[in-house]
Amino acid sequence: QVQLVESGGGLVQAGGSLRLSCAASGRTVSSYSMGWFRQAPGKEREFVSRITWNGITYADSVKGRFTISRDNAKNTVYLQMNSLKPEDTAVYYCAADGPIRRYWGQGTQVTVSS
């Protein structure tokens with residue numbers, strides 16, 4: 001089993017920055033594809049970014065503003081979010097794609113005020 005705990009969310013003004021962290025425990029996730037998703041009120045959960053062994057992908061809506069990274073020594077994945085917009089307001093979830101299933105964290109709230 002893999003447990004994921006997100007942190008770093010909060011309230012920020014438009015144009016500001018936040019750095020989300022996703023700490024994994026229970027198993028080393030260095031070989032796993034790791035991703036960030038978000039869900040705004042009344043909307044479906046959507047893809048934000050993913051980091052795999054052979055590359056990184058971003059949703060068009062965050063490209064150029066968000067940066068995903070990982071520290072395998074700390075079993076942690078990060079999401080640096082710059083130039084935040086009110087439409088980035090959502091609960092952000094970390095996901096780890098293991099060999100059998102996807103694991104989810106509990107989410108962290110990000111609120112961007114205009």
Side-chain angles (χ1 to χ4, degrees):
Q1 288 288 339
V2 174
Q3 293 79 43
L4 302 174
V5 178
E6 301 97 333
S7 61
L11 174 63
V12 64
Q13 288 188 333
S17 298
L18 285 173
R19 188 195 194 203
L20 305 184
S21 298
C22 171
S25 61
R27 190 169 295 179
T28 300
V29 296
S30 58
S31 63
Y32 289 12
S33 169
M34 302 292 294
W36 288 94
F37 294 76
R38 66 186 183 186
Q39 187 167 18
K43 295 187 177 181
E44 293 188 352
R45 191 170 298 189
E46 65 175 5
F47 167 77
V48 174
S49 182
R50 177 181 288 111
I51 183 167
T52 70
W53 67 273
N54 65 345
I56 291 173
T57 56
Y58 296 99
D60 287 343
S61 59
V62 307
K63 204 170 293 184
R65 300 187 297 121
F66 291 11
T67 303
I68 191 171
S69 62
R70 69 194 304 166
D71 185 337
N72 289 332
K74 296 182 178 180
N75 225 24
T76 299
V77 176
Y78 304 97
L79 186 68
Q80 178 67 43
M81 306 186 296
N82 298 329
S83 302
L84 283 161
K85 304 176 181 179
E87 51 263 44
D88 293 320
T89 295
V91 177
Y92 283 70
Y93 297 92
C94 175
D97 288 334
I100 299 175
R101 55 163 289 189
R102 170 172 284 176
Y103 300 90
W104 291 97
Q106 84 290 346
T108 185
Q109 176 70 45
V110 172
T111 303
V112 184
S113 63
S114 57

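This one's a predicted model, so the numbers in the text were calculated from it and none came from an experiment.
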- Message: Applying disulfide bond (SG atoms under 2.5 Å apart) as the test, list every pair that has at least one member in residues 25-73; sequence neighbours left out.
- Response: none

- Item | By side-chain hydrogen bond (donor to acceptor under 3.5 Å, both in side chains) - contacts of Q109 (at least two apart) | T111

- List in chain and number order the residues that pass side chain to side chain contact (heavy atoms under 4.5 Å, CB included) with R27, two or more places apart in sequence or in another chain; answer none if no residue qualifies. V2, Y32, Y103

- Flag the pair L20 / V110 as yes when at least one side-chain heavy-atom distance between them is below 4.5 Å, and no otherwise. yes

- Item | Test item: F37 and W104 side chains (from C-beta on) under 4.5 Å apart, heavy atoms | yes

- Message: Give me each pair satisfying disulfide bond (SG atoms under 2.5 Å apart) with a member in residues 17-114, each pair once, sequence neighbours excluded.
- Response: C22-C94

Under 3.5 Å, sequence neighbours excluded: what are the donor-acceptor pairs made by side chains of residues 43-62?
| from | atom 1 | to | atom 2 | distance (Å) |
| --- | --- | --- | --- | --- |
| E46 | OE2 | R38 | NE | 2.6 |
| E46 | OE2 | R38 | NH2 | 3.2 |
| S49 | OG | T57 | O | 2.9 |
| T52 | OG1 | N54 | N | 3.3 |
| T52 | OG1 | N54 | OD1 | 2.7 |
| T52 | OG1 | G55 | N | 3.3 |
| T52 | OG1 | G55 | O | 3.3 |
| Y58 | OH | I68 | N | 3.0 |
| D60 | OD1 | K63 | NZ | 3.1 |
| S61 | OG | R38 | NH2 | 3.4 |

- Query: Who passes salt bridge (charged side-chain N to carboxylate O under 4.0 Å, His left out) against R19, sequence neighbours left out?
  - Reply: none

- Note on the structure: Here the salt bridge (charged side-chain N to carboxylate O under 4.0 Å, His left out) pairs for residues 98-111, sequence neighbours left out, are D97-R102

- Note on the structure: On a heavy-atom basis, the closest approach of S21 and T76 is CB-CG2, 4.4 Å

Residues 78-86, side-chain donor-acceptor partners within the protein, below 3.5 Å, at least two apart:
| from | atom 1 | to | atom 2 | distance (Å) |
| --- | --- | --- | --- | --- |
| Q80 | NE2 | N82 | OD1 | 2.9 |
| N82 | OD1 | S17 | OG | 2.9 |

- Query: Do the non-hydrogen side-chain atoms of Y93 and Q106 ever get within less than 4.5 Å of each other?
  - Reply: no

- Task: List the atom of A96, the atom of M34, and the distance in Å for their closest heavy-atom pair.
- Result: CB-SD, 3.4 Å

- Message: Under the disulfide bond (SG atoms under 2.5 Å apart) definition, can you give me all pairs with a residue in residues 36-83, not counting sequence neighbours?
- Response: none

- Message: Please give me the minimum heavy-atom distance between L4 and A24, naming the atom from each residue.
- Response: CD2-CB, 3.6 Å

- Task: Return the set of residues passing salt bridge (charged side-chain N to carboxylate O under 4.0 Å, His left out) with D71 (not counting sequence neighbours), or none when no residue passes.
- Result: none

- Applying side chain to side chain contact (heavy atoms under 4.5 Å, CB included) to S30 and not counting sequence neighbours gives T28, N72

